[in-house]
Amino acid sequence: MMNEESTIPTRFEHAEAAEAIAQKWDQAKCAHAVVNPDRKPFTIVIPPPNVTGALHLGHGLNNTLQDMVIRTKRMQGFETLWMPGTDHAGIATQAVVERRLKESENLTRHDLGREELVKRIWAWKDQYEKRILGQLKRMGCSCDWDRVRFTLDDRCAAAVRATFFDLFGKQLVYRGKRLVNWDTFLQTAVSDDEVENVTQQGHFWHIFYDVIDPKPGEPARVEIATTRPETLLGDTAVAVHPDPARALEKVASELAAKLTDASEKEKPLVQKQIDELTKRRETMLGDLKKLCDMAADGRMVMLPLLDRPIPLVADVWAKPEMGTGCVKITPAHDPNDYEVGKRVGLPMLNILNPDGTLNAEAGKYQGLTIPKARIAVVADLDEIGLLGDIEDREIELPHSDRSKTPIEPYLADQWFVKMDTLAESAMQLVRDDSVKIFPQRFRKGYLDWLGEKRDWPVSRQLWWGHQIPIWSKTGLSQSQAETLVKEMDAIVGDDKDSIRYQVDIAEDETRGVFVCLKGEGDARESAIESLGLERDPDVLDTWFSSALWPHSTLGWPEKTPELDYFYPTNTLITSRDIITLWVARMVLMSWNNLGVIPFREVFIHPKILDGLGETMSKSKGNGVDPNDIIDKFGPDALRFGLAWLATDTQDVRMPVQYECPACEKLIDQTRKNRSQPKLECPACKASFSTQWAETEADKALPKGAVVSERFETARNFVNKLWNAARFVLMNMEGYKPQTIDVDALPLEDRWLLSRLSTVTKQVTEGIETYKFAEVSRVLYDFAWDEFCSFYVEIAKPRLADDDQRALTQAVMAHGLDTLLKLLHPVMPFVTESIWGYLGEVAPERGLSPVKATPFVMTSKWPESIAGHYDESIERQFAEFQQVVGAIRKIRASQNIAPRETLPVAIRCSQSSTGLLEPMRAYLEGLAGAEVIAIGTDAKPFETDGPLSLPSIDIDVHVDLAKFIDVEAELSRLEKLLGNLVKQITGKQQKLNNESFVSRAPEEVVQGERSSLSDLVKQRESVEGDIKRLRTKSI
RNA sequence: GGGCGCUUAGCUCAGUUGGUUAGAGCAUCUCGUUUACACCGAGAGGGUCGGGGGUUCGAGUCCCUCAGCGCCCACCA
């Protein structure tokens, strides 16, 4: 026999335990999934974290929830696959590496060249992938680590190529123009995310365009206003509103409405706007109307400086209430003008070279930079008298985040995915519930976004990503194109399955030949290139490969057994900001590639915000590394804490603190201190560094981790469970497995079984429906308040009783066994650790004892046994707990020392007697009560402190002879009486209300009546006691 | 500007289809180291459920409205 005292340590040392356990799981391949026709599969693919940086708490939450589902399903007997991996995150990762390159070596990517830069990024990826996977493992994520994928690995690349090739063949990808944010310094396009608007002092230049051949009564010239006069060189029209009168009318009525509602403070402002509008209608409307008619007649104006006639067009973009009411249209260099150009059908005139100088279209301004061109254009306009007023004005100018230079909107050739049919399919699959989205409200955003059916621009002017598998030659004459086609035909030969090409006609009538190759390293590449075709340098949008993630990771386009078995996946758990970018695209791509859905359900979990309500991010300094939480609180506490907070209505607000590395004091993070390189601990005055530390001196200081005390509850819970388990284990000496006859069990054991049955049901259903917070709460309350505070307490006297000991051990072992299983998905390490110790003292256990599995992780999920649920026992136990509570209350109010037993007499019904009589011993243990009498005729004591229990017909009488503090007791009773009277009055009023009695359901009225009569009884009893005490005290 | 949420104790949040006296954790106060646990136990104080209106016998819960906060999308010559 072993010495049970030494079996289980007094404390759960999570750091050592977790590492050892993770290793054992790993060795036993607990999380490895194989194709197994005997079992049903259950699959989740991880939302692949970006390799940009380390994981933060948002990932912590995301992966905790996935692991809870996966672990539950694994225990339920499914062949569970949780596919892990990371995302190459094109622009973000390239930007990070380029920034570091600049900082540490003062090099740009052009200095390195494409190949070398990509090599550097791969090195970065290796480093962060390792870090990320390490974080996931430390959290206990039971991914299948033998299957780790990366969105840029060979398998994903094959899927990307196959998909692009397929879409190209179906003519669902096409080449089009798109305005990109052009960084003239880095000579690259940057994504919208990397553009920041900087407010600057600028000017608003008014410029006149002469009307060509004005008729009498018509305006001789048109006045426009612009913040960027040099773009006039690329103008291809001047626009005016098609119905200026009505547009002004509408604005006027809106303003009028606003004036009525405006606060006193706003009123003068609104009034001013109205005045301006009125003036505008008087002075400008006439001209605008005429211009509008002229536009309808196809009249032209003369573009100054270049003397190029351009049309007057009518378009709603020209808002008559703004500026001069007319607007110049530069489709190639302004997003809005681009839209107008498309609507009206205008030429798109690019006037820029990639380096930001003007090209030949700019005539004599060719070669000038934009700032210089602006000065020249303004000066020349002034000279020829076409320059009007110059207003000072604050303007928002887009700047590149990376080079800090102004962005130029620049029209470039891009590849697009045609969305109409693809989007429609993805919408239909959600509409008909083939893919279910939880919580439901997120369906709308998904459907609305897809409903716009905007084509998806997929080219990115980057080096890090899947290079577009297109070779092309453009600017060809018709005959050149025909020749090239013949040459291509020869190369293609009979093999039309892996190579396709198209001939496009550009706006300028030139031809372009575009070839798409299906396979990587196709031998024909060089033949194609020798014909003068060049590979498109651009890469695909990161989301293109992410969209294939669920099937590409399983081997598609190969028809692998895994794909056949594990696909479609079961559920996707992700954050709401990528429902459109990612979720929607996975659905449509899966449908396009395989004709099936990628997953059956999508669960959208909340976001984690900091204490100021802001999203966490590294750039703000409020990001929390799960590892820091694990160091301080342990992995189980991290997981439980996150699950506890993950309700589906609210984002998680989590105040964060710095932890002083010297004294462990927590210092609240504020907007101010979160951007400091070093801080001083207010308690111990030690200095510590933060993530912003830059100087050598600061970096040398110990680093203060960013943590949150919100995990304390969870850490305490882990400790509580550990200690309850210790108690059980320390009392298992002499344990022998025995078959348990449930019907013959004493009440307290049947109560435990009943509760276990209920809790099992709640937890199982809760996981099924993604109610993670609810599941956590149910488990917390049951484990703490019922298993520990109640069952274990009751077990103490039973274990001391030789007649009851063996049975108690058997039931207790079963109870702990079940509890460990239920808690395992959310707290894998501590449960696994305890499971190991329990296996040593009670290797066979259960109601019909069986040998326990080596790991709780691979044990069988508990079943809710309907026959164990016993409503009347649960209700009776609630009564018992109320009696206990009542006695404790009076002990506290009378300040009775814990060692003093308190005589009690309990007056209650016959049926309550049946329950309470066998519980005498427990009343002593739990409440320090010596039970003198229980039953219908139990009498009050001479010096009585009565405790009447609402809604159950019980009076607890307490003999206070030894203890009584009359004043304290009287004040307690009077307070109680006041409370009772208040309630009674309320009930009486309610019951005297004719319409309540007649309209409310019978059972509600009955309930009120019976609770009123209980209250009245209690009042009488309390009044009697007050009287008695008063007499006695006099 | 459009959409979706949120507003409940000092703080962070629960509150199922409307139905006894609105709950939890943390924090605060009082008492307590009885051999699982002070990361503990017992108890207490603390809320006119953002404001206003409505529906109903009855509203934290349903409807309207106002205010504040957050997120997503669009837009700002």
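So that the names make sense, note that chain A is the first sequence line, chain B the second, and so on, each numbered from 1.
- Taking atom C1' in both B:U61 and B:A22, one finds a spacing of 11 Å when rounded to whole Å.
- Side-chain N or O atoms of A:Thr808 include none that pairs as donor or acceptor with a backbone N or O of A:Ala795 at under 3.5 Å.
- For A:Trp644 and B:C26, the CH2 to C1' distance is 11 Å, given to the nearest whole Å.
- Regarding contacts with the backbone of B:G41, a side-chain N or O of A:Lys720 is found under 4.0 angstrom from either OP1 or OP2.
- Comparing A:Thr647 and A:Phe717 by the nucleotide of RNA chain B whose heavy atom lies nearest to each, the residue mapping closer to the 5' end is A:Thr647.
- The residue A:Lys632 sits apart from the nucleic acid: no heavy atom pair falls under 4.0 Å.
- Checking B:G19 for Watson-Crick or G-U wobble geometry (two distances, each under 3.5 Å) identifies B:C57 as its partner.
- For B:A36, its base sits under 3.5 Å from the side chain of A:Glu793 at one donor and acceptor pair at least.
- As rounded to whole Å, 22 Å separates atom P of B:U34 from atom CG of A:Leu923.
- With a cut-off of 3.5 Å on both pairing distances, the Watson-Crick or G-U wobble partner of B:C71 is B:G3.
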Given protein heavy atoms under 4.0 Å, the one-letter contact record of nucleotides 2-8 of chain B, with B base, S sugar-phosphate only and - none, is simply -SSSSS-
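- The phosphate of B:G41 (OP1 or OP2) has a side-chain N or O of A:Trp784 nearer than 4.0 angstrom.
- Using atom C1' as the reference point in both B:U34 and B:G41, the two lie 10 Å apart (nearest Å).
- Considering only heavy atoms from C-beta on, A:His605 stays 4.5 Å or farther from A:Phe772 through its side chain.
- Rounded to an integer number of Å, the gap from A:Leu645 CG to B:A14 C1' is 11 Å.
- With both ends at atom P, the span from B:A24 to B:C31 equals 23 Å, rounded to whole Å.
- By the 30° and 60° cut-offs, the orientation of the rings of A:Phe717 relative to A:Tyr780 is tilted.
- If you take atom P in B:A42 and the same atom in B:U55, they sit 47 Å apart, rounded to whole Å.
- Searching all strands for a Watson-Crick or G-U wobble partner of B:G25 with both distances below 3.5 Å returns B:C11.
- Under the Watson-Crick or G-U wobble criterion, with both distances below 3.5 Å, B:G46 is left unpaired in every strand shown.
- Contact of the A:Val884 side chain with the A:Arg888 side chain is registered, since non-hydrogen atoms from C-beta on lie closer than 4.5 Å.
- Between the P atom of B:C11 and the CZ atom of A:Phe711 lies a distance of 21 Å, rounded to the nearest Å.
- Across all strands shown, the partner of B:G32 is B:C40, judged by Watson-Crick or G-U wobble contacts whose two distances both fall under 3.5 Å.
- Here the separation of B:A38 from B:G5, taken at their P atoms, is 46 Å to the nearest Å.
- Of the charged side-chain nitrogens involved, at least one lies within less than 4.0 Å of a carboxylate oxygen, so that A:Glu230 and A:Arg228 count as a salt-bridged pair.
- Each of A:Val728 and A:Val327 was matched to the nucleotide of RNA chain B holding its nearest heavy atom; the match closer to the 5' end belongs to A:Val728.
- The backbone N or O of A:Arg710 sits less than 3.5 Å from a side-chain atom of A:Ser708, completing a donor-acceptor pair.
- Within a 6.0 Å sphere centred on CD of A:Glu994, other residues, nucleotides and ligands contribute 12 heavy atoms or fewer.
- Of the C1' atoms belonging to B:C29 and B:G10, the separation is 14 Å, rounded to the nearest Å.
- Which of B:U20, B:A36, B:G19 sits closest to the side chain of A:Ala1000 comes down to B:G19.
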Under-3.5 Å N/O pairs linking protein and nucleotides 69-73 of chain B:
from  : atom 1 : to       : atom 2 : distance (Å)
B:C71 : O2'    : A:Arg576 : NH1    : 3.1

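- As rounded to whole Å, 12 Å separates atom P of B:A27 from atom CD of A:Gln657.
- With B:C37, B:G19, B:C26 as the choices, the nucleotide that has an atom nearest any side-chain atom of A:Asn719 turns out to be B:C37.
- Among the nucleotides B:C40, B:U12, B:G43, the one closest to the side chain of A:Arg888 is B:G43.
- In summary, A:Lys607 and A:Asp651 do not engage in a salt bridge, as defined by a charged side-chain N under 4.0 Å from a carboxylate O.
- Looking at residues two or more places apart in sequence or on another chain, you find a ring pair (Phe, Tyr, Trp, His ring centres under 6.0 Å) between A:Trp205 and A:His203.
- Contact annotation: A:Asn723 side-chain N/O to B:C40 OP1/OP2 distance is not under 4.0 Å.
- A parallel orientation is assigned to the rings of A:Phe787 and A:Tyr791, their planes being inclined by less than 30° (bins at 30° and 60°).
- Counting to the nearest Å, the P atom of B:G25 and the CG atom of A:Asp781 are 8 Å from each other.
- Side chain of A:Arg891 to main chain of A:Ala927: a donor-acceptor pair is present (N/O by atom type, distance under 3.5 Å, no hydrogens or angles).
- Rounded to whole Å, the C1' atom of B:C13 lies 29 Å from the corresponding atom of B:C73.
- Across all their heavy atoms, A:Gln762 and A:Val775 have their closest contact at O-CG2, 4.4 Å.
- For the pair A:Arg777 and B:A14, the criterion of a side-chain N or O lying under 4.0 Å from OP1 or OP2 is not met.
- Following rounding to the nearest Å, A:Asn731 (CG) and B:C37 (C1') show an atom-to-atom distance of 14 Å.
- Atom CG in A:Leu61 sits roughly 15 Å away from atom C1' in B:C13 (whole-Å rounding).
- Distance check on atom P: B:G25 versus B:C66 gives 39 Å, rounded to whole Å.
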